[in-house]
Amino acid sequence: MKKISLFILFLIASVTAIAQQVDFTIIPPRNVVAGDRFRVAYRLSNAEGNSLQAPQIDGCTLLYGPSTSTSFSTQIINGRQSSSSTIDYVYTYQADNEGTFTIPSASINVDGKTLRAEAKQFKVLPPDKNRPQSQNAYPQQQYPSQQSVQPQQSSTSKISSDDIFVRVILNKSTAYEHEAVECTLKLYTKYEAISSFNSTSLPTFEGFLIEEVDVKAELNQIEHYNGQNYRTAILKKYILYPQKTGKLTVNSGAYDIVVQQLERISQGFFYITRPVEQSVHLADYKSTLNVTPLPTPQPEGFNNAVGNFSITDELPVDAMKTGEAATLTLNVSGSGNIKFIKEPTIEFPDEFELYPVKNDVNASVSGATMKGQLTCQYTFVPQYPGNFTIPAVKFVYFNPADKEYHTLTTQPHTISVAKGANTISSPDSQGLKAKAEDIRYIRTGNKNLSKSHSYLASSSFYWIAYGILTAILISVLILYRKQLQRKSDVAGMRISKAGKVARKRLKAADNCIKEGKTDAFYGTLLQAIWGYVGDKFSLNASTLTRDNISEQLSAHGASESLISEIINLIDDCEMARYTPNDPSLSPDQLMKKAQALIQQIETITKK
Amino acid sequence: MKHLIALFISFSFIFANAQSLDEKADQAYSEGDFQQALELYQQAATENGVSSMLYYNMGNTYYRLDSIAKAIGCYERALRLDPKNDDARANIKFINDRYNLTGPEKSAPTIFLENITDSLHPNSWAILSLILFIILLFDIALYLFNNKEKIRKIAFFSSVLLLIVVSFSCLMTHRSYKKATEVKYCIISQPSVQLSTLPAVPANPSQQAFTVPEGYKLEIIDSLATPLDKANPMWLEVNVTGDSRAWVSVNDVDIIR
């Protein structure tokens, strides 16, 4: 029973041995099944002890003990020598009943001091239901580091589905959306050894976000399941976050396994057992999770954070200059779906230029959930000087434990921004931006209310005005044109008016006869004749002589008799005028003569 | 002292009374009592008549009361009375942008011409045209009656130029007058209206032309009167997207007139 292992290393030169930590612990047994024997070891490290006080374990029968085993090791790492020694005091008990038992605290005396080892607990599993009673008598294993019991495989060569299977174990049957659920894929087997293990299809998690946990697959744990003891191994472990509500299924995947089955062969008087390799195909194992939706109404700002969190924030500065960058750091720490949390939005003032938020998640699996910290860094650059307030950050999460929403808020930060050196660079390129837009404000004051709204263009007079104005222009134009024509030809006007003027004068002379003013009559008649001839031939009063008249008349083609008649008429008139008492001709005769003569000249000049 | 207070109260009462209806409405608006403001504006409109500014304020009140169609109707009327009312135009644009009511896009020359038309009141256009015409007549007279060659030359070219300007101004007068008086547009007054391809309620999906939101502005092309009542057309043929036409019931729209 006594086993001493000693490793001695011979060393050159001086090597200092470093004193190791003195320790006294209880090593509890593992995988104890009721009726079996087991060993409890009290381990003393790096010391020599005496007078061990190890009280009895209640509910178990002490068979024998203590037996002592000592081990000693020395190692040199990088020229440093260290040595350690352990002494195990081993008691062998028999477990009478299943249940949880406590190994009471023990004490040992080392160099006059008393060391105490803490009490430890261990579990005694119930025996297999179909286990033959006779086997109780034969203890198979004695060392606590190895299995103390052997799960019993069925003795037939056929492998039943009870002998080896994979289970999907969820730590809860109902969960909220986004709530962390631990999922363990566990292999249960009654076979001692597995020669090969292949997965033919991978486990599927529909409707989940998954986080795989690193585990070492080891066949070392005995577990009592469905009245049987199995050797178990954790194949895989996941933290699942359901993303949908309703019944969600986790599929274990299928596996091809080759196991070593112990075959009992009759050799006449005795049996021998030999291992035989058998291959098994393990079909999918399904496990369902009932996912309930998060309670409604969800508070504002809730962003699917489920778990238990706390937040802190930090802004290292409270005064800065425009164009300088500062970072507000927000820490969300706690357990839950921390890896999938979106950073809370912070309503920074519009005068700040923002950089994309930098998120850093530092989380690890702790128990059945993820624990860790999300660090969000909000970097901003104020563009305008002034005093600004960064509002409080609101973080809302749902705690599945108390089934309520919790809102965490931080303190708002006030920050004063002074004018920096280089403010010209950025704001100019963007220009001013409206913070909010709305309709324009009402107009106040006198509104010039009126019941009638008339338009000038609606009255026909307005359009007629254009016509009238045009007509005025045209008529003015015509009149002006005529005026111009006459002005340009004065002599013509005289000629054309000559007859008219002469007739007028003759008429005036005629009136004189009727009134009996003979003196005036002759004068007027003379004036009419002289004037007519003068007008007709464009002669001035100074050039108006008898010779000139006869010349002009002959030039216009008047006969000699006509000329002499006109001259005679003028002579008669002058005679009559200055000798009133001896008229050779009566005024009436003279009048007729004058009329006839003017008529004759008119006809000549018109030719 | 008592008398003084009584006097003061009576003065303030008179002063309050002296405040016209529309000013009271403005006050109600500024205090946030939009329902009251609307009633006062309407009362002012029936008692004292309307103006572009009144319609504009009324439009703002309707907008505050969430009646988009009526707000736009008021703004359109404000613009009819005074095309220079930039506030009304800005608010229409704001509402159109916010509720996504912007109609078919107009071509750049049309927008240019409309901007010129809207830059003056119709009566201002009329007076301007007349004054320009009189100047043109004087210019022509100068050309005709002056003997100096240089002046005649200047007068000739300037009158040709003026003739073009006057023609354009008259065209603008006519346009702006038409715009101010013509019944050409209507605003959808129901939350959502189904336009049909024929002047009747669409009987099957193939007769559904457009679904138009509240506040959308439609151009009236034609109206179809029922035989019984010729004065009130029951269905309007409208231009929806610029080149596609549909029919809308008179009861679903607010005709700007």
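Here is the naming used below: chain letters follow the sequence lines, and residue numbers restart at 1 for every chain.
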A:N446 backbone acceptor or donor facing B:D22 side chain under 3.5 Å: no
B:V50 backbone acceptor or donor facing A:H453 side chain under 3.5 Å: yes
Minimum heavy-atom separation for [X] and [Y], please, with both atom names.
X      : Y      : result
B:C170 : A:Y466 : SG-OH, 3.6 Å
B:Y29  : A:I442 : CD2-CD1, 3.4 Å
B:G49  : A:L449 : O-CD2, 3.5 Å
A:A465 : B:L130 : CB-CD1, 4.4 Å

Tell me whether the count of non-hydrogen atoms from other residues, nucleotides or ligands lying under 6.0 Å of [atom1] in [X] goes above 12.
X      : atom1 : answer
A:Y355 : OH    : no
B:E31  : CD    : yes
B:K93  : NZ    : no
B:F112 : CZ    : no
B:E182 : CD    : yes
B:N100 : CG    : no

Does any non-hydrogen side-chain atom of [Y] lie less than 4.5 Å from one of [X]?
X      : Y      : answer
A:R440 : B:Y56  : yes
B:F133 : A:T470 : yes
B:Y75  : A:I439 : yes
A:L456 : B:W125 : no
B:D26  : A:K447 : yes

Of the backbone (N, CA, C, O) and the side chain (C-beta and beyond), which part of [X] lies under 4.5 Å from a heavy atom of chain A, both, or neither?
X      : value
B:I140 : side chain
B:R89  : neither
B:S124 : neither
B:A88  : neither
B:T181 : side chain
B:E47  : backbone
B:D97  : neither
B:I134 : side chain
B:S176 : neither
B:F145 : both
B:R64  : side chain

Residues B:N85 and A:R443: side-chain donor-acceptor under 3.5 angstrom: yes
Portion of [X] that has a non-hydrogen atom of chain B nearer than 4.5 angstrom:
X      : answer
A:Y455 : both
A:S452 : neither
A:L473 : side chain
A:D438 : both

Worked verdict on A:Y480 versus B:L144 for side-chain contact (heavy atoms from CB on, under 4.5 Å): CA-CA 10 Å; A:Y480 182 76; B:L144 289 174; over 6 Å; no
Separation of A:N448 CG from B:M53 CE (nearest 0.5 Å): 7.0 Å
Rounded distance (nearest 0.5 Å) linking atom OG of A:S450 with atom CG of B:N48: 10.5 Å
Top of [options] for chain A proximity - count of heavy-atom pairs under 4.5 angstrom:
options                      : answer
B:I127, B:L81, B:I95         : B:L81
B:I92, B:L136, B:L137, B:T61 : B:L137
B:S129, B:S52, B:G59         : B:S129

